[in-house]
There are 2 protein chains.
Amino acid sequence: MTSRTKNKTAEQRRLETVETLIDLAGEQNPNAITTQALADKMGLTQGAIFRHFPTKESIFSGVMGWVAERLMKHIHKAIKSEDSAIDKLQSMFLAHISFVSKHPGIPRILFGELQHDKNSVPKQMVKQLIAQYADLLQDIMRTGKERGELNPNLDIEAATLLFIGSIQGLVMQSMLAADRQDMLAQAEAVFNVYRQSLL
Amino acid sequence: MTSRTKNKTAEQRRLETVETLIDLAGEQNPNAITTQALADKMGLTQGAIFRHFPTKESIFSGVMGWVAERLMKHIHKAIKSEDSAIDKLQSMFLAHISFVSKHPGIPRILFGELQHDKNSVPKQMVKQLIAQYADLLQDIMRTGKERGELNPNLDIEAATLLFIGSIQGLVMQSMLAADRQDMLAQAEAVFNVYRQSLL
DNA sequence: TTTTAGATAGTAAGTGACCACTATCTTCTC
DNA sequence: GAGAAGATAGTGGTCACTTACTATCTAAAA
């Protein structure tokens, strides 16, 4: 062997693999990323990947775990300091957009998983993440209603769908333009329009 | 040869191929549909596909052409009979949802094309379709503003993105639930929330 | 009306490239 | 020296696309 770099521990490699996949997904179709491309970017041989993951699908499961933990933590941190429902929603919106604009591969992987027909493990994890996310939104809206901060006639389920949809719209926009620079600026404008529907 | 069925013309086969692909995309990941699966569903051999299309990608271009024509026609017909901007937008929204609920494979193919990195022909066609769609929305909103039907301070660009995003949200919801039945009912509720943001 | 020739739709059977995954050997670390 | 990380070199399967042949259709000549 000619390698001079030290071996890393299994856990380090697992994390590195997951993050490399997220990185690559920012540049190309996630479903088209090969284990070879992954290994190349990590400076390993293709076979080495399978020392740490039993299947390719399990790497995607790892990604979903990574996302679920970091995204929810990021969002909870953002809304903790806010008081009113509207402010919480706005912080959540902007935190989410800043997260995906830092990791543009993530929404692409998410959509890609949803495209599959069969209920794979990563797809189930996506479903669970979205359900958890929607629950949080509905909690905020419900207490916002109780406190008289939101329109008492607001259809919470529809408002939740609209919230998530508007994030998807921004993501799609950035995929069209391949230009994530002004995503945050646009996000503010979009939320301002969305806000009107809550009052 | 043992076949008893007559040969069809090239144009008939091209159309049939495109519609079969749309059909299949309603059930499985569009990018994972093989030319073999397509041929099977049409009762042809795999090689026969390539009598009518030079590459697999060109079939997707055919799909995008099909969609662009039918969707826009469907939508223009829906808004023609409406008067106010709000009514036009609502008709457009519901027409769009009824269209994709009749052809659930279409949004999946669209998303799938956007995932690609390189600017393939079908991806460019998707971009063009979305741009055309956004133009129509903005036209309606602009005249709605002039007539005093919409909030004069409305951010039209953001409202357009929110409109498209809300459709994406509904589509995603149907992909999660694999249940397109109540998509139209949900659509009305979502538009009612959206409408508030225009006033 | 019949014959026939050119064009086209379709079949059958590849081909080469790619890819997830594996078996075996080598190197590193403790 | 044991156990784990990595390298090397497969293997079987899949897939888009091709080549060479056959069946069918059309239209004009006889």
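Note that this is a predicted model, so its numbers are computed, not measured. Per chain, numbering begins at 1; letters A, B, ... match sequence-line order.
Between A:T55 and B:G47, it is B:G47 whose nearest contact on DNA chain C lies nearer the 5' terminus.
Counting to the nearest Å, the P atom of C:dA20 and the CG atom of A:N31 are 11 Å from each other. Counting to the nearest Å, the P atom of D:dA7 and the CG atom of A:D40 are 11 Å from each other. The interatomic distance linking B:L38 (CG) with D:dC15 (P) rounds to 13 Å, in whole Å. A:R14 places its CZ atom 11 Å from the P atom of D:dA5, with the value rounded to the nearest Å. For the pair B:I33 CD1 and D:dC15 P, the interatomic distance rounds to 12 Å; values are reported in whole Å. Rounded to an integer number of Å, the gap from A:F50 CZ to D:dA7 C1' is 15 Å. Atoms CD (B:Q12) and C1' (C:dG10) sit 15 Å apart, rounded to a whole Å. Atom CE of A:M42 and atom P of D:dA7 are 10 Å apart (whole Å).
Residue-to-nucleotide contacts include a donor-acceptor pair under 3.5 Å from the side chain of A:Q46 to the base of C:dC21. A donor and an acceptor atom never sit less than 3.5 Å apart when one is taken from the side chain of A:Q36 and the other from the base of C:dC18.
Screening B:R108, B:E113, B:Q115 for a side chain to side chain contact (heavy atoms under 4.5 Å, CB included) involving B:P30 leaves a single residue, B:R108.
In this structure, B:R70 forms no cation-pi arrangement with B:F99, as its terminal cationic atom is not both closer than 6.0 Å to the ring centre and no more than 45° off the ring axis.
The shortest distance between the side-chain N/O atoms of B:R13 and the OP1/OP2 oxygens of C:dT8 is not below 4.0 Å. Distances shorter than 4.0 Å separate some side-chain N or O of A:T35 from OP1 or OP2 on C:dA20. When the side-chain nitrogen and oxygen atoms of B:H52 are compared with OP1 and OP2 of C:dT8, none of them lie within a distance under 4.0 Å. A close approach under 4.0 Å does not occur between any side-chain nitrogen or oxygen of B:R51 and OP1 or OP2 of D:dT18.
Counted by atom type alone, A:Q46 and A:T35 present one or more donor-acceptor pairs between their side chains at under 3.5 Å.
Here the CG-CD1 distance, from A:N31 to A:I109, works out to 9.5 Å after rounding to the nearest 0.5 Å.
Within 4.0 Å (heavy atoms only), A:T34 reaches sugar-phosphate atoms of the nucleic acid but no base atom. Counting any heavy atom pair closer than 4.0 Å across all strands shown, B:A48 reaches a base atom.
The pair A:K73-A:E69 meets the salt-bridge criterion, with a side-chain N (NZ, NE, NH1 or NH2) lying under 4.0 Å from an Asp/Glu carboxylate O.
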